[in-house]
Amino acid sequence: MRLYLINPSSPLVSITKVKENRWNRYRVWKPLGLMVLAGLTPPEWEISILDENLGARDYSAMPRPDLVGITAFTSQANRAYEVAAHFRSLDVPVVMGGIHATMCLEEVMERVDSVVTGEAESIWTEVLEDARRRSLKRRYDGGLAEIDEVPLARHDLLNTGYAFGAIQTTRGCPLNCTFCSVTAFNGGRYRLRPIPDIVREFQLIREKRVLVVDDNLIGARPEHIARAKDLFRAMAQANLRKEWVAQATINFADDEELMSLAAKAGCRGVFIGFESLSPEGLREIGKKFNLLKGRDFRTSVQRIQRHKMLVVGSFIIGLDIDEPGIGKRIADVASRYGVDNLNTLFLTPLPGTRLWAQMKSEDRIALNRFPEDWKYYTLTFPVARYRHLSLAGVIQEMITCNRGFYSMPRILRRVWSNLWQRRKPLISLVGNLSYRRNLQLNRKAYADFKRFSGNRHNSVRES
Ligand code: B12
Ligand code: SF4
């Protein structure tokens, strides 16, 4: 039995983007979900993982599979449907799963033979067995998995072409921010994989550099932080010789021992969601965690950097409280915090989130011709109507923000400070140049987007 597991080309991170900007090589990441699925697949299946982000595939020149499994983020949905249509025209059954299939079940059901919602661990072997017997059901629901029994991901099936390997050590997030799909998809319970499994899986990864995909590697509660320390100790003891980056909340900076252990275990950078400059903004999106009184973000960032780890800060533009001038303010504040890279995104109502429900009820989703419009749900296009910012206005704020943060003098200052602190100046330089080069590409993308979206955007003004 031949199984193709396909990651459809992404509008953001595909190899075509790498051709436009070679620094983007560092932004083509492995589709870990498919590697996990492969790990769950019994040996009688011959598996190929096909990642379209590594280059276009000529499926008609390949042997006919017995089953196709497709994953997709929302932004990949249209390409996923094209791939599904191709294989269905050959009478090959197509199963789709992942975040988009879970959040937009009806839309997906119309376009594939079978949909798997939720996490696949508890259900995938049943799907395969049904496929073998040619009796696939239209829908399966995996719910939330007990991830302490998950088999190791098949890293051997995708071991060339990427700058980074990928691994997951926890799932779920209790914080339920309004714009984020994670709590709706992976639940509010913070679930932990057993440390020996994680260490063993790290040893299977060929790449020297690894992305730890967890939404928050350290968690929020004291017992989670204690567990993170145990994990880092075990990783250091196993002498993995890996350098890795991860997402964490700002409380990472509050514990010297935690940071020191992380650095010893190979942590070279953390991605931190600051999201908004003001307490009102944080309240608006429900990110109460960042509201801790008395926190000085600059000091927190410096504490992390002292352990020779880079800090990437993320902010959102388009909140109801955001007014003209927000772009410059974010660039200035992020520079003041001293983050090494800035990743600013447009507030985007992703299906299944609280923000989606709110914006839909207020008729503020401007790009709403689905599925065609999903390709703009990359958080890099303003797909909604923003309270105080018109379409042209919100795009201009983004351009101002990025131009301000990624101006050559500021880049050089950051690289110099990294050199001075002996903190991987090269990685910082590559990251900064990659973003800077994309700014020029973005301008063209914005112009195309404005033409495409026409007059569907009118800013929502307060009455
Ligand atoms: C790592 C990550 C990335 C990485 C790598 C992505 C990749 N190639 O895998 C990078 C940095 C590139 C990235 C980019 C983006 N990301 Co991202 N990312 C994540 C993150 C943190 C983890 C994903 C992961 O690897 N999980 C671990 C694996 C094991 O889980 P999984 O993929 O969900 O797979 C399981 C199930 O879904 C299911 N499954 C999945 N596929 C299939 C297929 C079949 C056939 C079956 C049966 C089952 C199945 O089985 C698996 C095992 O249970 C998630 C948050 C999250 N917790 O999911 C956000 C998340 C997926 N990203 C999100 C977004 C919005 C983006 C961006 C659009 C935003 C941006 N500008 O950064 C881009 C766009 C990428 C694109 N493709 O267009 C959203 C997606 C929401 C949505 N509706 O699409 C999420 C959910 C976070 C959020 N804030 O809500 N991302
Ligand atoms: S943004 Fe981060 S903290 Fe908020 S719900 Fe999503 S994963 Fe949790």
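Keep in mind that what you see is a predicted model, and the values were worked out from it rather than measured. Atoms within a ligand are numbered from 1 in the order they appear, just like the ligands themselves.
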Mind checking whether T74 contacts ligand 1 via backbone (N, CA, C, O), side chain (CB onward), both or neither, at a 4.0 Å heavy-atom cut-off?
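Within the 4.0 Å criterion, T74 contacts ligand 1 through backbone and side-chain atoms alike.
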Can you find a side-chain donor-acceptor pair between W124 and T41 that sits under 3.5 Å?
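The criterion, which ignores hydrogens and geometry beyond distance, is satisfied for T41 and W124.
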Short side-chain donor-acceptor distance under 3.5 Å, N53 and S10
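On atom types as modelled, these side chains do not qualify, holding no pair under 3.5 Å.
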Can an N or O of [X] be found at a distance shorter than 3.5 Å from an N or O of ligand 1?
X	result
N7	no
Y377	no
S75	yes
W124	no
V95	no

Yes or no: does M103 have any heavy atom under 4.0 Å from an atom of ligand 1?
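It does not, in that no heavy atom of M103 comes within the 4.0 Å cut-off of ligand 1.
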Between W244 and F271, is the gap from one ring center to the other below 6.0 Å?
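Ring centres of F271 and W244 not closer than 6.0 Å.
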Is any protein N, O or S atom closer than 2.8 Å to atom 4 (Fe) of ligand 2, and if so, which?
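Listed by chain and number, the atoms are C177 SG.
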Taking everything shown except K360 itself, do over 12 heavy atoms lie less than 6.0 Å from its NZ?
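Not more than 12 within 6.0 Å, no.
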